[in-house]
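First comes the structure, then the notes that go with it.
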2 protein chains.
Amino acid sequence: MLTTGKGSIPLYLQIIELLISKISKAEWLPGDIIPSEINLAKELDVSQGTVRKAITELVENNVLTRKQGLGTFVSNHNIDRALFHFFHITDNDGHKVLPDSQVLNCRRKKATKSEAHKLKLKPGDEVIKIDRVRNLSSKPTIVETIILPEVPFTRLGKEDGCDLPNMLYELYEKQFGITIHSAEEQIRAVRAQKQQAKILDIDEGSPLLMIERVALTLDRRPVELRTSYCSTTKHYYQNTLL
Amino acid sequence: MLTTGKGSIPLYLQIIELLISKISKAEWLPGDIIPSEINLAKELDVSQGTVRKAITELVENNVLTRKQGLGTFVSNHNIDRALFHFFHITDNDGHKVLPDSQVLNCRRKKATKSEAHKLKLKPGDEVIKIDRVRNLSSKPTIVETIILPEVPFTRLGKEDGCDLPNMLYELYEKQFGITIHSAEEQIRAVRAQKQQAKILDIDEGSPLLMIERVALTLDRRPVELRTSYCSTTKHYYQNTLL
DNA sequence: AAGTGGTCTAGACCACGTA
DNA sequence: ACGTGGTCTAGACCACTTG
């Protein structure tokens, strides 16, 4: 299973790959407990310290979660985490406010060149396009467009129509076994278009924060494209640089 | 020096505090090599593994830097790091471009209430205010205002007038022994004011990205306030969420 | 009491950079 | 050749959670 000897890849790195593959292949699901450090060590014929080092690194990457006295678990990317890691808008006092969402539109279309490129699809491949508006403190504040590849999201928005939940990443995980693990955002200031202005109840041409996000899985495959237009009079985008 | 026994703070955490204090007190300076893991272990009467664990955590926080075969060093927050950690503007292709800067103004004034609050000063305390414009790819793209507390920056902008270098964080470290370690940013979209528009050669009222930053030292004291207005037609703010 | 993660040790050997 | 950090081991004991 693991290779040792001079010049070979360190054991703990091999173990990391092994654990990641178990999760990527859905052999272990989010929320599942994984074997104890001691048992993994026996199984892989390494010392506990080596297994521990591998697990530590995955815990730091939010892939696994340790609970003392209980065990180690595949991370559940629940509401708290989604809000903490993937929602950076706060009110002017710096407080995070839970958004609610209202779907305006949900339909199939062919990917544009740019969309195909960003999602690593072939141009012309089918995608799902969702338009929605999000309220913060009961005021419409964000309008956004979400692009998903038809595969593997085929089932989405068919039986249940446009009745989508607020926290989509939870849906991706529970319904499609896709865990969003990281994302890249590009942020610009732009003028509100007529329709956006109408929805957000602001003047046409008002400045809006445009956030283009590509969301990635654990194995760095892009699976969601999201463009958000956010009014920043009563809110701002909060970023911490460490 | 270190306390052991039941219920006491873990050794490696005590060692982390010890190392941080050596750096905060300027006993070890940026760029300095620190004693080897083995020597530190002997000195503190713990095992190498425990020292190693402490150092590992500081390396992850960018406080120390390890070089195999050489030793462990207090991190130098040089141009590369400043650019990597604290400069998030890229051109539309996603490439980081080195900005150059031109100081417009540099003077003393009393802190506003908000400035005093953010810098943890008393209202009315003296601050230094620097206005400058930054060029990206030879085009004026960012206008920004920097607010620094008089203490300990008293010397700044006196002998050398307004002849300030491009990378201020390097100056803070070398001239004032202040290492910027982390920062909080608040980002909004706003309309360009008349004067900003003139400097950036855009229309008044054009959307600009406003970035308000509070920069913190290793011990989390706020030491710089920076408000940047950035034109985002040819550039964007890049953020990675892990 | 049993099982889990969390800390710590003492020592081995490898990989790397300098001299 | 030497000293550094990097990996790995085998085992001890502590802290926490559950039965």
Side-chain angles (χ1 to χ4, degrees), chain A residues 1-20 22-23 28 30-76, chain B residues 1-20 22-23 28 30-76:
Chain A
M1 188 76 100
L2 305 180
T3 68
T4 60
K6 263 193 173 183
S8 74
I9 297 169
L11 282 173
Y12 76 95
L13 289 179
Q14 298 182 51
I15 295 171
I16 287 175
E17 287 311 311
L18 188 77
L19 299 180
I20 284 186
K22 293 244 191 203
I23 297 168
W28 295 339
D32 281 2
I33 190 169
I34 74 170
S36 73
E37 295 176 356
I38 288 179
N39 287 335
L40 275 174
K42 275 184 202 157
E43 200 179 310
L44 301 172
D45 195 27
V46 298
S47 77
Q48 189 224 1
T50 303
V51 169
R52 185 164 178 78
K53 179 159 185 176
I55 290 177
T56 298
E57 212 154 294
L58 291 173
V59 167
E60 280 164 2
N61 287 325
N62 296 308
V63 176
L64 298 176
T65 304
R66 282 205 260 240
K67 292 184 189 166
Q68 192 174 38
L70 285 174
T72 304
F73 302 79
V74 179
S75 294
N76 237 319
Chain B
M1 190 74 101
L2 305 180
T3 68
T4 59
K6 261 195 174 181
S8 73
I9 297 168
L11 281 172
Y12 77 95
L13 290 178
Q14 298 181 50
I15 295 171
I16 287 176
E17 288 310 312
L18 188 77
L19 300 179
I20 284 186
K22 294 242 191 207
I23 298 168
W28 294 340
D32 283 0
I33 189 169
I34 73 170
S36 73
E37 295 176 356
I38 288 178
N39 287 335
L40 275 174
K42 276 183 200 156
E43 201 179 311
L44 300 173
D45 194 28
V46 298
S47 77
Q48 188 223 3
T50 303
V51 169
R52 186 166 177 77
K53 179 159 185 177
I55 290 176
T56 298
E57 210 155 295
L58 291 173
V59 167
E60 280 165 2
N61 288 324
N62 296 306
V63 176
L64 298 175
T65 304
R66 283 204 260 238
K67 293 184 187 165
Q68 192 174 33
L70 286 175
T72 304
F73 302 80
V74 179
S75 295
N76 236 319

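Throughout, protein chains are lettered first and strands after them, A, B, ... in sequence-line order, and every chain is numbered starting at 1.
- Between A:Ser36 and the phosphate of C:dT4, there is a side-chain N or O to OP1/OP2 separation shorter than 4.0 Å.
- Take the nearest nucleotide of DNA chain C for A:Pro35 and for B:Leu11: the residue whose nucleotide is more 5' is A:Pro35.
- Residue A:Tyr12 has its side chain nearest to D:dT7 when only C:dC8, C:dG6, D:dT7 are considered.
- Distances were taken from every side-chain heavy atom of A:Glu37 (C-beta onward) to each of C:dG6, C:dT7, D:dG5; the shortest belongs to C:dG6.
- Following rounding to the nearest Å, B:Lys67 (NZ) and D:dG3 (P) show an atom-to-atom distance of 21 Å.
- Along DNA chain D, the nucleotide closest to B:Leu70 and the one closest to A:Lys53 are compared, and the more 5′ of them pairs with B:Leu70.
- Looking at heavy-atom distances under 4.0 Å, A:Ile55 makes no contact with the nucleic acid at all.
- Rounding to whole angstrom units, CD1 of residue B:Ile38 and P of C:dA12 are separated by 12 Å.
- A straight line from NZ of A:Lys42 to C1' of D:dA10 spans 13 Å, rounded to a whole angstrom.
- What separates CD1 of B:Ile9 from P of D:dA15 is a distance of 13 Å, to the nearest Å.
- Residue A:Thr50 places no side-chain N or O under 4.0 Å from the OP1 or OP2 atom of D:dT7.
- In terms of heavy-atom proximity, A:Pro30 sits nearest to A:Ser75 at CB-O, 3.6 Å.
- Here the side chain of B:Asn39 is nearest to one of C:dG5, D:dT4, C:dT7, namely D:dT4.
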In sequence, state the C-alpha distance, the side-chain angles, and the governing distance for B:Arg66 and B:Thr56, and then conclude on side chain to side chain donor-acceptor pair (under 3.5 Å). CA-CA 9 Å; B:Arg66 283 204 260 238; B:Thr56 298; 2.6 Å; yes

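- Under the 4.5 Å side-chain criterion, counting only non-hydrogen atoms from C-beta, A:Phe73 is not in contact with A:Asn76.
- Look at CG on A:Leu13: it is 11 Å from C1' on D:dG6, rounded to the nearest Å.
- Taking side-chain N and O atoms only, A:Arg66 has no distance below 4.0 Å to OP1 or OP2 of C:dT4.
- As a whole-Å value, the separation of A:Gln48 CD from C:dG3 C1' is 12 Å.
- For B:Leu18, the CG atom is densely surrounded, since the number of other residues' heavy atoms within 6.0 Å is greater than 12.
- The distance between atom CG of B:Leu40 and atom P of C:dT9, rounded to the nearest whole Å, is 13 Å.
- You'll find that the side chain of B:Ser47 is closest to C:dT9, out of C:dG6, D:dG6, C:dT9.
- Rounded to whole angstrom, the span from the CZ atom of B:Arg52 across to the P atom of C:dG11 amounts to 18 Å.
- Of the two residues contacting DNA chain C, namely B:Gly49 and A:Thr72, the nearest-nucleotide position lying further toward the 5' end is that of A:Thr72.
- The environment of B:Ile33 atom CD1 is dense: over 12 non-hydrogen atoms of other residues, nucleotides or ligands sit within 6.0 angstrom.
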